[in-house]
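Worksheet: the structure to be examined is printed underneath.
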Amino acid sequence: MLKEAIYHQPYGNYAYPVADDKLFIQLRAKKGDLKKVHVFYDERFRDWDNNLPRFTLELNKYSSDELFDYFRVEMQFSKKRFKYYFLLDNGEEQCYYSSYGFAKDVIDYNGCFQYTYICEKDYFDTPNWVKDAVFYQIFPDRFYNGDPTINTNKLTDWNEMPQWHSFYGGDLAGIIQKLDYLENLGITAIYLTPVFKSSTNHRYDIVDYMEIDPELGDIDTCKELINQAHQRGIKVIFDGVFNHTSNEFFAFQDIIEKGEDSKYKDWYYLDGFPVKKTPSSTRGMINKVIEKLLQSDSPSLTTLQEEIIAKLELESQEDKEYVLGLVAYLVEERNKGEDISKLDAHQLWERATEVDELAKVIYPNYETFANGVWSMPKLKTANPEVREYLLEVARYWIEEVGIDGWRLDVADEVDHYFWREFRKVVKEANPEAYIVGEVWHDATPWLSGEQFDGVMNYLFATSVWDFFSRRKINVNTFEDRLAKVRTLYKSPAQAASLNLLDSHDTGRVLTISHGDKTRHKLAVAFQMTYLGAPMIYYGDELAMEGGGDPDCRRTMIWDEQRQDRDMFEWYKSLIAIRKDNIALRTGDFTLIKKDAINNIYAFTRKKEDNQLLVIFNNSNLSAELEFDLEELAIDIDLFIELLSNKEYQVEHGKIKINVEGYNVAILKADNNE
C-alpha cells in the first residue's frame with residue numbers, strides 16, 4: 001500500500017455538505033492500489049473511548065486519472081456533527097487512516113477527521129434552472145440586424161468575412177425577432193457578449209456600464225428582450241467586464257485631463273504621470289514605421305525620425321512621440337546587427353513582454369487587459385470606490401432590467417475579495433441569479449461556494465477537442481483529463497459549469513474538427529450527455545466554420561439555402577433527448593467501459609428510474625459490445641436507442657449492441673414494459 005499517495009482533508013473538495021444532514025467525502029489513493037475503502041463515523045461529542053462508531057459505509061471508486069483513484073460516499077447523520085476515520089484494504093493488508101496518519105490496529109480517536117458542523121450558509125447553492133439549461137452564446141453584432149434605423153457605423157455586407165473592426169449591425173431587436181428560432185431549437189438560456197456602450201464591435205471596452213450601446217438598441221429594447229425571452233422560458237445572462245474599462249470611460253478620461261489631480265487616479269494601475277494617450281494607431285503604425293525605415297538610408301537618427309514622421313503625415317503629439325521612440329529602438333537594434341526587415345508588429349508586441357526598453361516605447365504607462373492594450377486600462381478593484389461602482393452595476397441590471405445572471409470576463413485576474421462581495425450583491429438581488437466565470441485553467445479557487453456558481457469549462461472543451469475533434473489523444477488520456485475535473489470541482493460547480501465546444505475566443509468546433517462533420521457531431525453528442533450545462537456558440541447548429549478571432553465571429557447564416565439542416569436536426573434531437581431525460585441533466589455519472597484499443601468510451605447516467613447507457617465509438621471500426629446489467633446496476637429487460645428508436649432486448653442479463661465506427665448510441669432503460 002503506497003501510503004504517500006493517500007490523501008483526505010475534512011474541507012474543500014474532499015469534504016463538503018450536500019444537505020442539512022449529509023456530508024460528501026472523497027479520498028485519494030494510488031491508482032489500482034486499494035480494493036476497498038470504508039468510513040466509520042458518528043457524533044463528534046459521544047464517548048468515543050468506550051463506544052465504537054455506529055455507522056459504516058463503503059466508498060465507491062468513481063474516478064481514476066493517470067496517477068490516482070478517487071473514492072467517495074455521502075455520510076448522513078441528523079446531528080450534523082461528524083467525526084470519522086477510514087479503513088483501507090489493498091487485498092493483502094488493512095490499515096486505519098485518520099488525521100494522525102496510519103495505524104495497523106488501534107485508532108487514536110483524538111486524531112479522527114472532523115467536520116465540526118454543517119452550517120446552512122456553507123452549502124454550495126447554485127441556481128436550480130442552470131442544471132436543466134441549454135445555453136446559447138450570441139455575439140450581438142453578428143446575429144441579426146432587426147432595426148437598421150439605429151445603425152450609425154458603416155456596415156460591412158452581411159456575407160463578407162469579418163475583419164477586426166467590422167460592424168454588421170446585429171442588435172437586440174434582431175435577437176427578439178429570432179427568439180422563435182431559438183425556442184424551436186430547444187434553447188433555454190442565452191448568454192450575450194457585452195451589450196453596453198462601447199466603440200468596438202466586441203464591446204469588451206465599455207464606455208458606460210449603465211447604458212445599452214445605441215448600435216444595439218436602448219433600455220426599452222433590452223427590457224423587451226428580457227420579457228419576451230422569459231415568456232418563452234428562456235433565461236438571459238449578460239457579460240460582465242469588471243477587470244477593465246474603455247480608455248474612453250469617464251474615470252480614465254478624467255485622469256487624462258487632470259493627471260495627478262484627478263479624484264479617479266487610484267481607480268487604475270498607473271505608472272507615473274502624465275498618462276500616455278493612445279496613438280491613433282498602434283500595431284498598424286509599427287508596421288508602417290518598419291516599412292519607411294527600410295526605405296530610408298539616412299545615417300542620422302534625428303533625420304530618420306523627422307523623415308518618417310513627415311512621411312506618415314502625423315499630427316498628434318501622441319503619434320509623434322510613439323514614432324520617435326519606436327524609430328530609436330529599431331535603429332539601435334539594426335546597429336546591433338538585427339535584420340529589422342524580418343520584424344513585424346506582432347513580433348515586437350510579444351518581444352515587449354520581456355524587453356522593458358521596448359515595452360516603455362510601444363506599451364502604455366498603465367496596466368491593461370492582456371499586454372499593452374491601450375484601449376482597455378485595468379481597474380483596481382481593491383479600491384472601495386471602484387468596488388462600490390461595479391457592484392451597483394451588477395445589482396442594477398438584475399433588479400431593474402431582470403437579467404438572470406452574469407458571465408464574468410477575465411475573471412481570474414480580479415481579486416477574490418471582489419468576487420465574494422459580488423456574489424453577496426447578486427444573490428441578494430436574485431438568489432437564483434447565475435454567476436459563471438471565464439477561467440481557462442483549474443478554477444478550484446473560485447468554486448468553493450462563495451464566489452462563482454460555475455465556470456466556462458475550457459478543461460472540458462480542450463479534452464473534447466483533442467479526443468473527438470483532433471483525434472490526437474486516446475480514450476485513456478481523455479478520461480484522465482475529465483476525471484481530474486470531476487475530482488477537482490465540487491459536484492454543484494460541475495453541474496453548473498458551461499460545457500462549451502467553442503466561443504468567440506476560439507476557432508469554431510467544426511474548424512477545430514478539420515471540417516469533419518462526423519467529428520463535430522460526436523463532440524456535440526458528448527456535450528449533451530455529459531455532466532454540466534451545455535453551451536452552443538451561435539451558428540454551430542448550422543455547421544458554421546471559422547478560425548481564430550475575428551474569423552470565429554462570422555455573421556449568422558439566415559439564408560436557409562446555405563444552412564446545414566442536417567446538423568440543425570442533430571442538435572435539436574440531442575437537446576430534446578437531454579430535456580426528456582432528467583438523468584442527463586442532474587443524474588449520476590458512472591464510467592462503464594474505457595477501451596483504448598478500440599477507443600470505446602461508455603458511461604451510465606442515472607436519476608431514480610431514469611437510466612441511460614451512453615456509448616461512444618471514436619474509431620473507424622464498428623464494435624460488437626456486450627454489457628452485463630448486473631455490473632451496470634440496471635434491472636430491466638428492454639432498452640431503446642433514442643437516436644434511432646431501435647429496441648434492444650436483454651438476454652441472460654446482458655445487452656449486446658453493434659456501434660458503427662465514429663458513432664454514438666444513447667440507450668434508455670425502458671420502464672414501460
Side-chain angles (χ1 to χ4, degrees), residues 134-145 155-170 174-175 178 181-182 184-187 190-193 201-202 204 440 456-458 460-473 498-528 534-575 618 620 662-664:
V134 176
F135 282 80
Y136 192 86
Q137 182 191 358
I138 295 177
F139 192 91
D141 182 63
R142 309 296 158 82
F143 193 61
Y144 188 66
N145 188 340
L155 300 185
T156 302
D157 182 80
W158 194 261
N159 295 317
E160 284 188 24
M161 291 294 104
Q163 303 301 318
W164 289 105
H165 304 295
S166 299
F167 279 88
Y168 290 88
I175 299 172
K178 295 299 182 181
Y181 168 85
L182 298 178
N184 178 44
L185 179 60
I187 299 304
I190 297 171
Y191 150 41
L192 294 177
T193 57
N201 56 45
H202 56 73
Y204 280 97
W440 289 56
M456 297 187 73
N457 199 348
Y458 279 100
F460 167 89
T462 54
S463 300
V464 172
W465 292 344
D466 287 346
F467 184 59
F468 290 113
S469 299
R470 296 174 178 142
R471 294 179 185 162
K472 62 184 290 187
I473 60 174
L498 294 185
N499 285 348
L500 66 157
L501 297 180
D502 51 5
S503 74
H504 65 291
D505 287 325
T506 74
R508 292 261 180 188
V509 61
L510 181 54
T511 299
I512 295 170
S513 302
H514 305 287
D516 187 327
K517 293 180 181 178
T518 298
R519 302 185 189 193
H520 182 172
K521 285 184 173 182
L522 283 178
V524 177
F526 189 76
Q527 178 190 38
M528 294 296 169
M535 188 197 87
I536 302 164
Y537 185 41
Y538 76 96
D540 281 349
E541 75 280 9
L542 301 175
M544 281 180 59
E545 296 184 87
D549 179 17
D551 193 38
C552 58
R553 303 175 183 182
R554 299 181 192 181
T555 51
M556 181 69 169
I557 300 172
W558 293 115
D559 180 356
E560 292 190 8
Q561 299 301 314
R562 296 176 52 225
Q563 292 179 346
D564 188 321
R565 300 306 297 181
D566 176 65
M567 186 67 77
F568 179 89
E569 292 300 326
W570 180 256
Y571 270 84
K572 186 176 179 179
S573 296
L574 285 164
I575 292 171
N618 198 31
N620 64 326
Y662 298 126
N663 219 321
V664 58

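All figures in this text were calculated on a predicted structure; none of them were measured in a lab.
- Using a 30° and 60° split on the angle between ring planes, His504 and Phe139 fall in the tilted class, from 30° to 60°.
- The NZ atom of Lys178 sits 10.5 Å away from atom OH of Tyr136, with the distance rounded to the nearest 0.5 Å.
- The main-chain N or O of Asp549 is never found under 3.5 Å from a side-chain atom of Trp164 such that the two would form a donor-acceptor pair.
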**OP:** Output, in order, the C-alpha distance, side-chain angles, deciding distance and verdict of side-chain contact (heavy atoms from CB on, under 4.5 Å) for Met556 and Arg142.
**Re:** CA-CA 6 Å; Met556 181 69 169; Arg142 309 296 158 82; over 6 Å; no
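- Aromatic ring orientation, Tyr168 versus Trp158: perpendicular (interplanar angle above 60°, classes split at 30° and 60°).
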**OP:** In sequence, state the C-alpha distance, the side-chain angles, and the governing distance for Asp505 and Arg553, and then conclude on side-chain contact (heavy atoms from CB on, under 4.5 Å).
**Re:** CA-CA 9 Å; Asp505 287 325; Arg553 303 175 183 182; 3.6 Å; yes
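- Taking CE of Met535 as the reference point, atom CE of Met456 lies at 4.0 Å (rounded to 0.5 Å).
- With Lys521 as the fixed residue, the side-chain contact (heavy atoms from CB on, under 4.5 Å) test singles out one of Asp516, Asp566, Leu510, Leu574: Asp566.
- Under the 6.0 Å distance and 45° angle rule, Arg508 counts as a cation-pi partner of Tyr538.
- For the pair Lys572/Glu541, no side-chain contact is recorded, criterion being any heavy-atom separation below 4.5 Å from C-beta on.
- At least one side-chain heavy atom of Asp540 sits under 4.5 Å from a side-chain heavy atom of Tyr571.
- One distance of note links CZ of Phe526 with CG of Asn618; it measures 10.5 Å at 0.5 Å rounding.
- Thr193 is not listed as a side-chain neighbour of His202, based on a closest heavy-atom distance of 4.5 Å or more.
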**OP:** Dump the intermediate steps for side-chain contact (heavy atoms from CB on, under 4.5 Å) on Tyr537 and Thr506, then the final yes or no.
**Re:** CA-CA 10 Å; Tyr537 185 41; Thr506 74; over 6 Å; no
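- In this structure the side chain of Gln527 reaches within 4.5 angstrom of the side chain of Phe460, judged on heavy atoms.
- Here the closest heavy-atom approach between residue Ile575 and residue Gly186 is recorded as CG2-O, 3.6 Å.
- When every heavy atom of Val664 is checked against every heavy atom of Ala525, the shortest pair comes out as CG1-CB, 4.0 Å.
- Using a cutoff of 4.0 Å between basic side-chain nitrogens and carboxylate oxygens, Asp559 and Arg562 are not scored as salt-bridged.
- Residues Asn620 and Tyr662 form a side-chain contact, since some pair of their non-hydrogen atoms from C-beta on lies under 4.5 Å apart.
- Taking 4.0 Å as the cut-off between side-chain N and carboxylate O, Lys517 and Asp564 count as a salt-bridged pair.
- Pairing each heavy atom of Cys552 with each of Gly507, the nearest pair is CB-CA, 4.4 Å.
- Between the Trp465 side chain and the Val509 main chain, no donor and acceptor come within less than 3.5 Å of each other.
- Counting non-hydrogen atoms of other residues, nucleotides and ligands closer than 6.0 Å to NE2 of His165 gives a total of 12 or fewer.
- Counting all heavy atoms, side chain and backbone alike, Val134 lies closest to Ile187 at O-CG2, 3.7 Å.
- Using a 4.5 Å cut-off on side-chain heavy atoms (C-beta onward), Ile536 and Met528 make contact.
- Note that OG1 of Thr511 is 9.0 Å distant from CG of Asp502, once rounded to the nearest 0.5 Å.
- Looking at every heavy atom in both residues, Arg519 comes nearest to Ser469 through NH1-O, 2.8 Å.
- The line from CG of Leu542 to CD of Gln563 is 4.5 Å long, rounded to the nearest 0.5 Å.
- Considering CD of Glu560 and CH2 of Trp558, their distance stands at 10.0 Å, rounded to 0.5 Å.
- Listed for the Asn145 side chain is no donor-acceptor partner under 3.5 Å among the backbone atoms of Gly170.
- By the 4.5 Å heavy-atom criterion applied to side chains, Asn184 and Phe568 are counted as neighbours.
- Considering all non-hydrogen atoms of both residues, Ser463 and Ile473 come closest at O-CD1, 4.1 Å.
- A donor-acceptor pair under 3.5 Å is absent between the side-chain atoms of Asp141 and the main chain of Phe167, judged by distance alone.
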